[in-house]
Structure formats: C-alpha cells, structure tokens
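Report on one structure; see the data block that follows.
Chain identifiers are assigned alphabetically (A, B, ...) following the order of the sequence lines, protein sequences preceding nucleic acid strands; residue numbering begins at 1 within each chain.
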2 protein chains.
Amino acid sequence: MRHNRPEAMSDIVKDPLPATPDTAFGDTGAETGNAHKQKTRIQITNEAKILEAALEVFSKDGFRGATLDRIASAADMSKPNLLYYFSSKEDIHITLLTKLLDLWLAPLRNLRADGDPREELSLYIRHKLQMSRQLPRESRLFANEVLRGAQHIGPLLKEDLHDLVDEKAAIIQSWIDAGKLAPCDPRHVIFAIWATTQHYADFDVQIRSVLRRDDDDQSHYADAEQLLTTLFLGQLIKD
Amino acid sequence: MRHNRPEAMSDIVKDPLPATPDTAFGDTGAETGNAHKQKTRIQITNEAKILEAALEVFSKDGFRGATLDRIASAADMSKPNLLYYFSSKEDIHITLLTKLLDLWLAPLRNLRADGDPREELSLYIRHKLQMSRQLPRESRLFANEVLRGAQHIGPLLKEDLHDLVDEKAAIIQSWIDAGKLAPCDPRHVIFAIWATTQHYADFDVQIRSVLRRDDDDQSHYADAEQLLTTLFLGQLIKD
DNA sequence: TAACATTTTTACCGGCTGGTCAAATATTCA
DNA sequence: TGAATATTTGACCAGCCGGTAAAAATGTTA
C-alpha cells in the first residue's frame with residue numbers, strides 16, 4: 001500500500017482550547033475506517049513525522065524553497081523512504097495545507113449569531129491570537145502559500161473559504177442591522193482581525209526586533225490582546 | 001569595473017505622493033558622483049533591469065525559491081551577464097531589500113508630532129494602503145524576507161527600524177499624554193496599522209477569492225480604507 | 001581609426017534537485 | 001515457523017542550481 005493520503009495528525013493540534021466545533025473541509029476521520037485500507041501503526045507514525053518535518057521546512061522557506069532532502073533529514077528518514085509515504089513534494093504540501101486549513105479556520109467557525117457581539121468578537125480575537133502564539137509555523141505555512149498566489153489551495157479559498165466568510169459576515173451584518181455594531185463592511189472586519197492577529201506569527205522576527213524581545217519571551221502577546229480588543233471593541237480616539 | 005552596488009532605482013517608485021521626506025538607511029545618491037567610479041549608461045539601465053526582474057521573482061518565491069536563471073530570463077539577460085553586475089544571488093537580494101526599505105518606511109517617517117492625531121493617523125493609513133495597492137511586490141518581498149527570519153535584513157530591523165518605531169511611538173505616546181488618544185501601547189498601534197494595510201498586498205489572492213474580485217479590480221480598496229479609518233479613529237461598537 | 005575598456009557570450013563545473021528502481025530488511029499473521 | 005506483506009536502503013539519473021573562466025563582441029575615446 002502506497003501513497004494514499006495520510007489521515008492522522010493528532011499532535012499538530014497542541015491546545016484546541018475552545019474545542020473546534022466540527023470538521024468541514026476534507027475528511028479527517030483518522031480511526032473511523034473508511035473505504036481505504038486500514039493504516040499500519042508504522043504508517044500512521046511515519047506520516048505524522050513527515051508532515052511535522054514538512055511543516056517545519058515549508059513554513060520557513062515556502063514551497064519552492066523547501067527541498068525533499070531537508071524534509072527527509074528533518075524527519076530523520078531517507079528521501080526514498082519519505083517518497084514511499086507521499087508520491088511527491090507537491091503531495092506533501094497539499095496534504096499538509098488541506099489538513100491544517102480546518103484547524104486554521106476553526107476560530108471563525110466558532111462565531112455564533114446568537115451570542116453577544118462584544119463577547120463573540122473578543123473571543124474570536126483572543127482565539128486567533130492564541131493560535132498565532134501557539135501555532136506560528138502553521139500561520140507562516142499559509143502566509144507563504146498565499147504570498148505565492150495560493151497555487152495549491154486556490155480552489156479551497158474560492159469555494160470553502162469564500163462560503164465560510166460569507167456566512168460569518170452575514171452574522172456580523174445582522175448585528176449591524178440590529179444596531180449593536182457601527183455600520184461597516186463585515187468582510188473587511190474579518191480581514192482586519194486576520195491581519196492583526198496573524199501578524200504576530202508571520203512577522204514575529206520583525207516584532208521582536210522592534211520590541212527587543214528574546215526568542216522565548218512572549219510577554220508582548222498580552223499587550224497585543226489588550227490593544228486589539230480595545231481597537232475592535234472600543235474607541236481608540238477619545239477627543 | 002564590477003560588482004559595486006548599483007545605486008539607481010528610479011522607476012520602482014511609481015507614485016511618491018506625499019513626497020518621501022528624506023533618505024536615511026543606505027545612500028541612494030545615483031548621479032551625485034561619490035568616491036566610486038562613475039556609472040556607465042549601460043550599467044545603470046541593466047542594474048535597474050535586473051533589480052526589477054529580481055523584485056518580480058523574489059517577491060513571489062522568496063530567497064530560496066528564486067533562481068538566478070529565472071531572474072536572468074525575466075531580465076532578458078544571460079545568467080553570466082547578470083553575474084557581471086552582481087556578485088551573487090545574495091548580493092541582488094540584499095541590494096534590493098536595502099534600496100526598498102527606505103521607500104517602504106517613508107509613510108511612517110512622515111508622521112509629524114505637531115500635526116492633528118486624527119489627520120496624521122488617517123494620512124498614515126491612507127498612505128500605507130496606497131503603497132499596498134501600488135507596490136504589492138515590494139510588500140511581498142519584505143513579507144517573504146521576514147517570514148524566513150529576516151536573514152538578510154536582521155540588523156537593519158534591530159537598529160534602524162527599532163529606532164524609527166521608538167521615535168514615532170513616542171509621538172503617539174505624547175498624544176495619549178495630552179489626552180487626545182485613548183491609552184494604549186503605541187508600538188502595537190503601529191503594528192496593527194502595518195498588519196491591516198500590508199495584508200491587502202500580501203494576502204491579495206485570498207482577499208480576491210473571498211470577495212470574488214478579478215485581478216484588475218481594485219474597488220475593494222475604498223471599502224478597506226473606510227473600515228480602517230473607522231477602526232483606528234472611531235469606535236466600532238456603539239452599544 | 002586604433003587602442004583601450006566595457007559588456008556579452010559560450011562552454012563549463014561540482015553539487016544539489018525531485019524522483020526511480022530493485023534489492024535488502026523488517027513486520028505481520030495464518 | 002514461514003510465507004506474504006510492508007518498509008527501508010543504496011545506487012542511480014537527468015536536469016537544474018549558483019557560479020567561474022576566458023574569449024568574443026561591443027562601446028568609448030584620443
């Protein structure tokens with residue numbers, strides 16, 4: 001058995017926190033035996049090992065800049081052995097992105113129409129900020145992919161992501177219509193939250209340079225959370 | 001004469017608009033004959049041609065993902081000919097980044113302590129947004145470089161950028177002290193403006209997917225500007 | 001135009017690239 | 001246990017990679 005897409009990625013989610021609501025993009029059923037032949041124990045661990053290594057390399061150097069040799073060595077594996085589990089470099093990349101997209105969008109999926117706008121938005125911001133702090137490689141993986149034109153997840157963005165944003169923008173719009181929120185374009189509000197929160201992962205080095213923070217110092221995240229909630233929920237300028 | 005850093009990059013600035021105040025990082029004096037030998041007409045045009053091609057390639061694929069062959073062919077030049085003007089791939093990348101950093105930070109340099117906070121901030125946002133719209137490749141070039149850890153401009157971030165942000169954060173702080181602005185961390189305000197404005201260049205494909213905008217349609221920038229000024233200058237939530 | 005300097009081209013290099021193949025090894029299970 | 005299957009390895013390949021050397025072509029200027 002070779003080259004059937006791996007399904008297990010338990011250890012990438014390090015702290016689900018508010019518990020991702022449900023799966024939507026792509027089937028991630030790991031143990032629930034579907035049509036494909038059952039996975040070997042070795043298969044499961046090795047595919048996870050490869051995807052972990054690939055995340056490390058792809059998130060730093062992007063698709064073109066990454067090499068199979070470096071992924072293989074990061075996975076502590078020979079290159080042909082790696083290619084026994086995945087058919088190509090592209091296969092690894094697409095598998096990784098597809099698997100992680102769900103995790104990545106979980107906070108937005110959590111946005112509830114029947115909740116209090118203030119609470120819902122601040123929860124969303126906090127959740128996204130926490131993902132930047134705890135899953136910076138995942139953030140950079142997506143940033144790299146989108147930067148080069150989303151050549152491997154273009155259709156996913158145009159269909160699944162588009163639909164999700166439309167759905168959640170409608171919720172925000174309903175809050176505006178109810179007079180609970182100042183009139184604004186809901187989709188750009190979502191963009192602004194993405195931008196500001198993911199910035200702390202994607203531009204980590206720049207932020208640390210400006211703030212003179214050591215690599216392991218994450219104390220600026222508290223300031224970030226305070227500013228962003230102030231920004232999105234209150235007014236910045238008093239006068 | 002070979003491999004002395006090129007100095008001319010006139011055509012990369014397409015629309016300076018509020019006129020960049022002064023140069024700071026790196027000397028960009030093109031015609032003002034300094035110690036180096038005078039540049040040939042051919043040198044000037046070819047170095048500009050190479051940097052333009054390099055911007056195209058580096059901004060899409062990052063440093064590791066880009067190749068000299070692709071840069072050379074984009075510059076309509078043979079690879080050895082390209083290497084007659086620059087000593088290495090790294091040389092091209094660093095030259096490009098250094099030259100562009102000044103342009104990139106010009107809007108922040110423009111922030112004036114004696115101006116009205118509302119006007120100064122909204123001008124800054126508008127200026128940054130316009131750069132995302134008109135110079136998206138430059139934005140992506142920096143995003144790629146920072147994503148992979150700023151290996152080529154690390155010192156510039158830690159010294160020049162740090163100092164600039166400190167200086168401008170002090171201005172914002174003075175507005176807060178004067179009661180003109182709600183108390184907040186000024187440096188994170190700057191981060192938030194960077195994040196939200198640059199997002200429209202760096203994540204262009206994603207935004208177009210969500211909004212279903214054609215490649216040449218830039219109508220969403222008006223909505224973006226409206227939301228961002230609302231966000232940074234007014235209050236989002238009324239209740 | 002002739003001497004000189006600058007620019008471009010051709011041919012090339014060793015190492016890395018994504019990927020293949022077949023043989024060797026380990027694992028599973030009747 | 002042993003046969004069947006799953007996994008790992010080493011040897012290899014064509015093409016690309018960043019970069020070099022030297023000659024050929026072009027431009028400049030006295």
[N] phosphate, OP1 or OP2: any side-chain N/O from [X] under 4.0 angstrom?
{"X": "Gln43(B)", "N": "dT7(C)", "result": "yes"}
{"X": "Arg41(A)", "N": "dT28(C)", "result": "yes"}
{"X": "Tyr85(A)", "N": "dT8(D)", "result": "yes"}
{"X": "Ser78(B)", "N": "dT9(C)", "result": "yes"}
{"X": "Asn46(B)", "N": "dT8(C)", "result": "yes"}
{"X": "Tyr84(A)", "N": "dT8(D)", "result": "no"}
{"X": "Thr67(B)", "N": "dC16(D)", "result": "no"}

Starting at the 5' end of DNA chain C, which residue's closest nucleotide do you reach first, Pro80(A) or Asp69(A)?
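Whichever sits nearer the 5' end wins; that is Asp69(A).
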
Between dG19(D) (P) and Ile71(B) (CD1): distance, integer Å
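These atoms are roughly 10 Å apart.
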
Assess Lys99(B) against Trp104(B): is NZ or CZ under 6.0 Å from the centre of the six-membered ring, and within 45 degrees of the ring's axis?
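Pair Lys99(B)/Trp104(B) does not count as cation-pi.
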
Ring-plane angle category for Phe63(A) and Phe58(A), please: parallel below 30°, perpendicular beyond 60°, tilted otherwise.
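Ring orientation of Phe63(A) relative to Phe58(A): parallel.
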
Do the rings of Phe191(B) and Trp194(B) sit parallel, tilted or perpendicular, given the 30° and 60° boundaries?
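The rings of Phe191(B) and Trp194(B) sit tilted, inter-plane angle from 30° to 60°.
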
Regarding dG18(C), can its base be found pairing with the side chain of Lys79(A) as donor and acceptor, where the two atoms are less than 3.5 Å apart?
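In this structure, the two groups form a donor-acceptor pair.
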
Please answer whether the main-chain N or O of Gln43(B) pairs with a side-chain N or O of Thr40(B) as donor and acceptor at a distance below 3.5 Å.
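It does not hold such a pair.
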
